[in-house]
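Nothing fancy with the numbering, it's 1 onward along the sequence. Because only heavy atoms are used, hydrogens play no part in the values below, and waters and symmetry mates are left out as well, while side chains stay in. All values reported here derive from a predicted model rather than from experimental measurement.
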Amino acid sequence: MKVNKPRPVNLDLQTIRFPLTAIASILHRVSGVITFVSVAILLWLLGLSLSSPEGFTSAANIVDSFFVKFVLWGVLTALFYHIVLGVRHLMMDMGYFEEMESGIASTKVSFAIVAVLAIFAGGLVW
């Protein structure tokens, strides 16, 4: 038996509007990947700084540039985002914030917390 379903042939991804909760979930996954990749780089930098006094000087010189400080700020912000939204996801697993209104509200609160922590991370890096 053949069923004819009207399916979209070509999806135009530019016209699809994701809800705020979906955007938060996608960004949570992206921040996890950023955090995972940055751990290797940060461990290398830590190993360099602990290898010898010359290694510490080399690591300090690397971290002293504006670009590296900006990247470190981004890594810290991604880590804070992943932690805050991870706690939100855990709370959703426990049955909280499952309705659309409370889910959107918790997403907005999480974004605000991450913004404050991003400013704090900027203060730590610079």
Side-chain angles (χ1 to χ4, degrees):
M1 180 177 210
K2 190 173 182 180
V3 177
N4 290 328
K5 290 185 177 181
R7 298 186 202 173
V9 179
N10 295 317
L11 289 176
D12 187 8
L13 295 178
Q14 294 177 344
T15 60
I16 297 175
R17 298 287 178 232
F18 291 109
L20 188 61
T21 53
I23 294 169
S25 180
I26 293 167
L27 289 177
H28 180 255
R29 294 168 190 192
V30 170
S31 69
V33 171
I34 291 170
T35 302
F36 179 75
V37 170
S38 65
V39 164
I41 297 166
L42 293 175
L43 284 176
W44 169 79
L45 192 59
L46 177 66
L48 177 64
S49 70
L50 295 176
S51 64
S52 65
E54 294 80 23
F56 180 81
T57 304
S58 297
N61 289 336
I62 291 170
V63 175
D64 197 35
S65 73
F66 175 79
F67 178 73
V68 174
K69 285 184 180 182
F70 184 74
V71 169
L72 286 175
W73 172 78
V75 167
L76 281 174
T77 301
L79 178 63
F80 288 148
Y81 184 89
H82 196 72
I83 291 170
V84 170
L85 272 290
V87 169
R88 179 183 166 271
H89 279 286
L90 287 174
M91 292 177 73
M92 289 175 65
D93 288 342
M94 292 187 290
Y96 300 102
F97 311 125
E98 290 183 334
E99 300 80 25
M100 185 58 78
E101 295 82 21
S102 62
I104 291 172
S106 69
T107 303
K108 290 178 182 179
V109 168
S110 298
F111 284 165
I113 292 170
V114 170
V116 169
L117 289 174
I119 293 169
F120 174 71
L124 284 177
V125 171
W126 280 286

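- The CZ atom of Arg29 lies 14.5 Å from the CD1 atom of Ile34; values are rounded to the nearest 0.5 Å.
- A pairwise comparison of heavy atoms in Leu45 and Ala59 identifies CD1-CB, 3.9 Å as the closest pair.
- At most 12 non-hydrogen atoms from other residues, nucleotides or ligands lie less than 6.0 angstrom from NZ of Lys108.
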Checking Thr21 against Ile104 for the side-chain contact (heavy atoms from CB on, under 4.5 Å) test, could you report, in this order, the C-alpha distance in whole Å, the side-chain angles of both residues, the deciding distance, and whether it holds? CA-CA 6 Å; Thr21 53; Ile104 291 172; 4.2 Å; yes
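- Screening Val68, Val71, Leu76 for a side-chain contact (heavy atoms from CB on, under 4.5 Å) involving Val125 leaves a single residue, Leu76.
- Using bins of under 30°, 30° to 60° and over 60° for the plane-to-plane angle, the ring pair Tyr81/His28 lands in the tilted bin.
- Here the OG1 atom belonging to Thr35 is positioned 10.5 Å from the CZ atom belonging to Phe80, to the nearest 0.5 angstrom.
- Distance check: Leu50 CG to Leu46 CG gives 4.5 Å after rounding to the nearest 0.5 Å.
- Residues Leu42 and Leu72 have side chains in contact (heavy-atom distance under 4.5 Å, counting atoms from C-beta outward).
- Panel note: side chain Trp73, backbone Gly123; no donor-acceptor pair is recorded below 3.5 Å.
- We find the CG-OG distance between Leu48 and Ser51 to be 5.0 Å, quoted to the nearest 0.5 Å.
- Hydrophobic clustering of Ile, Leu, Val, Met, Phe, Trp and Tyr side chains at less than 4.5 Å, counting indirect connections, unites Val63 with Phe70.
- Taking both residues in full, the closest heavy atoms of Ser38 and Val75 are given as OG-CG1, 3.4 Å, listed atom of the first, atom of the second, then distance.
- Linking Ile, Leu, Val, Met, Phe, Trp and Tyr residues whenever their side-chain heavy atoms come within less than 4.5 Å places Leu85 and Ile113 in a single cluster.
- Heavy atoms only, all atoms of each residue included: Ala24 and Phe111 are closest at CB-CZ, 3.9 Å.
- Interatomic distance, CG of Asp64 versus OG1 of Thr57, reported as 11.5 Å (0.5 Å rounding).
- Residue Phe97 is not grouped with residue Phe18 when hydrophobic side chains (ILVMFWY) are merged at heavy-atom distances under 4.5 angstrom, including chains of intermediate members.
- Residue Val37 is not grouped with residue Val30 when hydrophobic side chains (ILVMFWY) are merged at heavy-atom distances under 4.5 angstrom, including chains of intermediate members.
- A continuous path of hydrophobic side-chain contacts links Met94 to Met92 [ILVMFWY only; heavy atoms under 4.5 Å].
- Pairing each heavy atom of Arg88 with each of Gly103, the nearest pair is NH2-O, 3.3 Å.
- A distance of 12.0 Å separates NE2 of His82 from CG of Leu27, quoted to the nearest 0.5 Å.
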